[in-house]
Peer 1: 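Before we start, here is the structure in question, set down as structure tokens.
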Amino acid sequence: MGRVCRGGTSAAAAACSSSSALHKPSITSSASVTDTVKGSHQFKITGYPLSKGLGVGKYIASDTFEVGGYGWAIYFYPDGKSPEDNAAYVSLFIALASEGSDVRALFELTLLDQSGRERHKVHSHFGRPLESGPYTLKYRGSMWGYKRFFKRSALETSDYLKDDCLSIHCSVGVVKSHTEGPKIYSITLPPSNIGLQFGQLLESGKGTDVIFMVDDETYPAHKLVLAARSPVFRAQLFGPMKDRNSQSIKVEDMEAPVFKVISVCLKFVAQPENLRAVMQTEGFEYLKESCPSVLTELLEYVARVGEHSAFVCGQGNDALDGTDANGRRVKQRI
């Protein structure tokens with residue numbers, strides 16, 4: 001059933017349009033792709049005169065070769081395949097030499113002219129219209145070819161026979177179909193190194209625009225980094241109630257050595273062997289009750305250490321805005 005909307009307000013029209021969009025059927029797509037997997041094999045028969053008299057229906061076989069996931073072989077009948085021909089013709093076939101059912105394929109059999117004039121005898125499915133489509137081989141041992149491939153008396157006086165040798169070239173094109181849906185590409189992203197870059201930026205001192213004053217010592221930092229990593233700093237430095245003197249932030253309830261070694265403390269606690277001991281102390285219980293946000297920050301830091309332990313341990317003395325731990329922790333004490 002459909003929904004009809006007539007007149008009404010613009011809001012009603014918008015609602016109708018939205019409803020129609022929600023019920024719009026999704027459209028997907030796929031494609032069936034059919035192609036040939038082609039391969040070839042060269043079969044040389046030496047000592048042809050000695051093969052005569054092998055018997056009608058008896059063949060000389062090439063090695064098995066693989067094309068399109070199936071095994072194939074060339075069968076040459078020097079006395080012919082059918083008794084009614086009375087050994088007047090040689091027969092030539094391509095046989096399915098492996099297990100398979102309803103294998104569809106294109107074939108080409110070529111008896112090579114050995115005079116150098118390239119007047120080859122070619123029977124091919126390739127390069128011509130296929131009125132009935134590819135040939136289908138029903139089971140292992142099924143063959144395609146010719147009972148009367150060449151009259152034997154004519155073959156033995158032709159340029160196809162040289163030094164008692166025949167050279168046969170065979171091509172097989174196995175027809176395969178598959179269905180393709182939309183292509184999905186997967187891109188592996190490298191781990192983030194933003195913490196390392198922030199630390200290097202701070203150590204270089206380039207672009208610093210705010211100073212933390214702790215006792216008689218100063219620590220330069222970057223406003224944008226602080227604001228990005230801490231909502232408290234973001235409000236203080238860029239919010240409507242930002243401090244007039246936003247070029248410096250005075251930390252009054254912390255000594256300079258303590259301020260300097262807080263990332264170091266986080267590293268120590270983040271180690272699994274240390275974290276278990278810290279969690280059993282009274283100080284940790286007090287931290288959970290009085291400063292839950294600091295506890296959350298600590299757990300986030302522990303998680304990052306677990307994911308990038310090699311990277312974090314190689315940092316040395318982290319600076320204030322090298323990680324989000326410092327900026328937020330310091331501000332919550334102000």
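Given the structure is predicted, the values throughout are model-derived calculations rather than measurements.
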Peer 1: Using the salt bridge (Lys or Arg N to Asp or Glu O under 4.0 Å) criterion, which residues pair with Asp102? Sequence neighbours excluded.
Peer 2: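 Expected list: Lys138.
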Peer 1: Is there a side-chain contact between Thr36 and Leu106, using heavy atoms and a 4.5 Å cut-off?
Peer 2: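 Side-chain contact under 4.5 Å: yes.
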Peer 1: Once you measure the plane-to-plane angle for Phe150 and Tyr160, does it fall in the parallel (<30°), tilted (30-60°) or perpendicular (>60°) bin?
Peer 2: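 Ring orientation, 0 to 90° scale: perpendicular.
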Peer 1: Between Phe149 and Tyr89, does a side-chain contact (heavy atoms from CB on, under 4.5 Å) hold up when you go through it step by step?
Peer 2: CA-CA 7 Å; Phe149 183 76; Tyr89 292 87; over 6 Å; no
Peer 1: Which heavy atom of Trp144 sits nearest to which heavy atom of His123, and what is that distance?
Peer 2: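 Nearest heavy atoms, Trp144 then His123: CH2-O, 4.0 Å.
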Peer 1: Please check if the side chain of Thr110 supplies one atom and the backbone of Leu112 the other of a donor-acceptor pair under 3.5 Å.
Peer 2: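 No; zero donor-acceptor contacts below 3.5 Å.
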Peer 1: Quick one, Leu202 with Tyr219, criterion side-chain contact (heavy atoms from CB on, under 4.5 Å). Give me CA distance, side-chain angles, the key distance, then yes/no.
Peer 2: CA-CA 10 Å; Leu202 187 65; Tyr219 301 90; over 6 Å; no
Peer 1: Which residues pass the salt bridge (Lys or Arg N to Asp or Glu O under 4.0 Å) test with Arg140, sequence neighbours left out?
Peer 2: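 Arg140: salt bridge (Lys or Arg N to Asp or Glu O under 4.0 Å) contacts with Glu99.
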Peer 1: Checking Phe212 against Glu217 for the side-chain contact (heavy atoms from CB on, under 4.5 Å) test, could you report, in this order, the C-alpha distance in whole Å, the side-chain angles of both residues, the deciding distance, and whether it holds?
Peer 2: CA-CA 8 Å; Phe212 281 87; Glu217 297 189 28; over 6 Å; no
Peer 1: Is it true that, when you exclude Glu118 itself, more than 12 heavy atoms of the residues, nucleotides or ligands shown sit nearer than 6.0 Å to its CD?
Peer 2: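 Not more than 12 within 6.0 Å, no.
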Peer 1: Set out, in order, the CA-CA distance, both residues' side-chain angles and the distance that settles side-chain hydrogen bond (donor to acceptor under 3.5 Å, both in side chains) for Ser167 and Gln42, then state yes or no.
Peer 2: CA-CA 7 Å; Ser167 187; Gln42 192 93 358; 3.2 Å; yes
Peer 1: Using the rule that two of Ile, Leu, Val, Met, Phe, Trp, Tyr join whenever any of their side-chain heavy atoms come within less than 4.5 Å, decide whether Ile168 and Leu155 are in one cluster.
Peer 2: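 Per the 4.5 Å side-chain linkage, Ile168 and Leu155 are co-clustered.
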Peer 1: Do Ile60 and Ser51 come close enough that some side-chain heavy atom pair is under 4.5 Å?
Peer 2: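 Answer yes - side chains close enough.
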Peer 1: May I ask you to decide if the ring planes of Phe93 and Tyr77 are parallel, tilted or perpendicular, using 30° and 60° as cut-offs?
Peer 2: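 The arrangement is perpendicular - the two ring planes meet at more than 60°.
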Peer 1: Answer yes or no: is there an ion pair linking Asp35 with Lys176, defined by an N-O contact shorter than 4.0 Å?
Peer 2: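 Not counted as a salt bridge, because no side-chain N and carboxylate O are separated by less than 4.0 Å.
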Peer 1: How close do Lys223 and Asp209 get, heavy atom to heavy atom, and via which atoms?
Peer 2: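 Answer, listing the atom of Lys223 first, then Asp209: N-OD1, 2.8 Å.
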Peer 1: I need the minimum non-hydrogen distance between Gly55 and Asp79, along with the two atoms involved.
Peer 2: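 Closest approach of Gly55 to Asp79, heavy atoms only: N-OD2, 2.6 Å.
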Peer 1: Does a side-chain N-to-carboxylate-O contact under 4.0 Å join Glu108 and Lys38?
Peer 2: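 Salt bridge flag = no for Lys38 with Glu108.
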Peer 1: Kindly determine whether Thr34 and Ser177 satisfy side-chain hydrogen bond (donor to acceptor under 3.5 Å, both in side chains), including the steps that lead there.
Peer 2: CA-CA 4 Å; Thr34 302; Ser177 300; 2.7 Å; yes
Peer 1: Would a distance-only check, ignoring hydrogens and angles, find a side-chain to backbone donor-acceptor pair under 3.5 Å from Trp72 to Val172?
Peer 2: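 Side chain of Trp72 to backbone of Val172: no pair is present.
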Peer 1: Can you tell me how far CG of Leu237 sits from NE2 of His222, rounded to the nearest 0.5 angstrom?
Peer 2: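 Rounded to the nearest 0.5 Å, the NE2-CG separation comes out at 13.0 Å.
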Peer 1: Which atom names give the shortest non-hydrogen contact between Pro182 and Ser29, and what distance separates them?
Peer 2: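 Of all heavy-atom pairs spanning Pro182 and Ser29, the closest is CD-O, 3.6 Å.
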Peer 1: Looking at the rings of Tyr75 and Tyr59, which for Trp means the six-membered one, are their centres under 6.0 Å apart?
Peer 2: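 Ring centroids of Tyr75 and Tyr59 are less than 6.0 Å from each other.
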Peer 1: List the steps, then state whether side-chain contact (heavy atoms from CB on, under 4.5 Å) holds for Ile94 with Leu109.
Peer 2: CA-CA 8 Å; Ile94 301 174; Leu109 283 171; 3.5 Å; yes
Peer 1: Search all heavy atoms of Pro134 against all heavy atoms of Ala105 and return the closest pair with its distance.
Peer 2: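 Shortest heavy-atom separation between Pro134 and Ala105 comes out as CB-O, 3.7 Å.
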Peer 1: I need the Ser91 OG to Lys147 NZ distance, nearest 0.5 Å.
Peer 2: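 So the OG of Ser91 and the NZ of Lys147 are separated by 8.5 Å.
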Peer 1: Are there over 12 heavy-atom neighbours, none belonging to Lys52, within less than 6.0 Å of that residue's NZ?
Peer 2: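 Yes, the 6.0 Å shell around NZ holds more than 12 heavy atoms from other groups.
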Peer 1: At what distance, to the nearest 0.5 angstrom, does CD1 of Ile74 lie from CD1 of Ile45?
Peer 2: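 Interatomic distance, Ile74 CD1 to Ile45 CD1, rounded to 0.5 Å: 8.5 Å.
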Peer 1: Does Lys121 pair with Asp113 as a salt bridge, N-O distance under 4.0 Å?
Peer 2: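 Looking at Lys121 and Asp113, the cut-off is not met.
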Peer 1: Between Asp85 and Arg148, does any side-chain N to carboxylate O distance fall below 4.0 Å?
Peer 2: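 Looking at Arg148 together with Asp85, the answer is yes, because their closest N to O distance falls below 4.0 Å.
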Peer 1: Verify the neighbour count for atom OH of Tyr139: are there more than 12 heavy atoms of other residues, nucleotides or ligands below 6.0 Å?
Peer 2: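 At most 12 heavy atoms, drawn from other residues, nucleotides or ligands, come within 6.0 Å of this atom.
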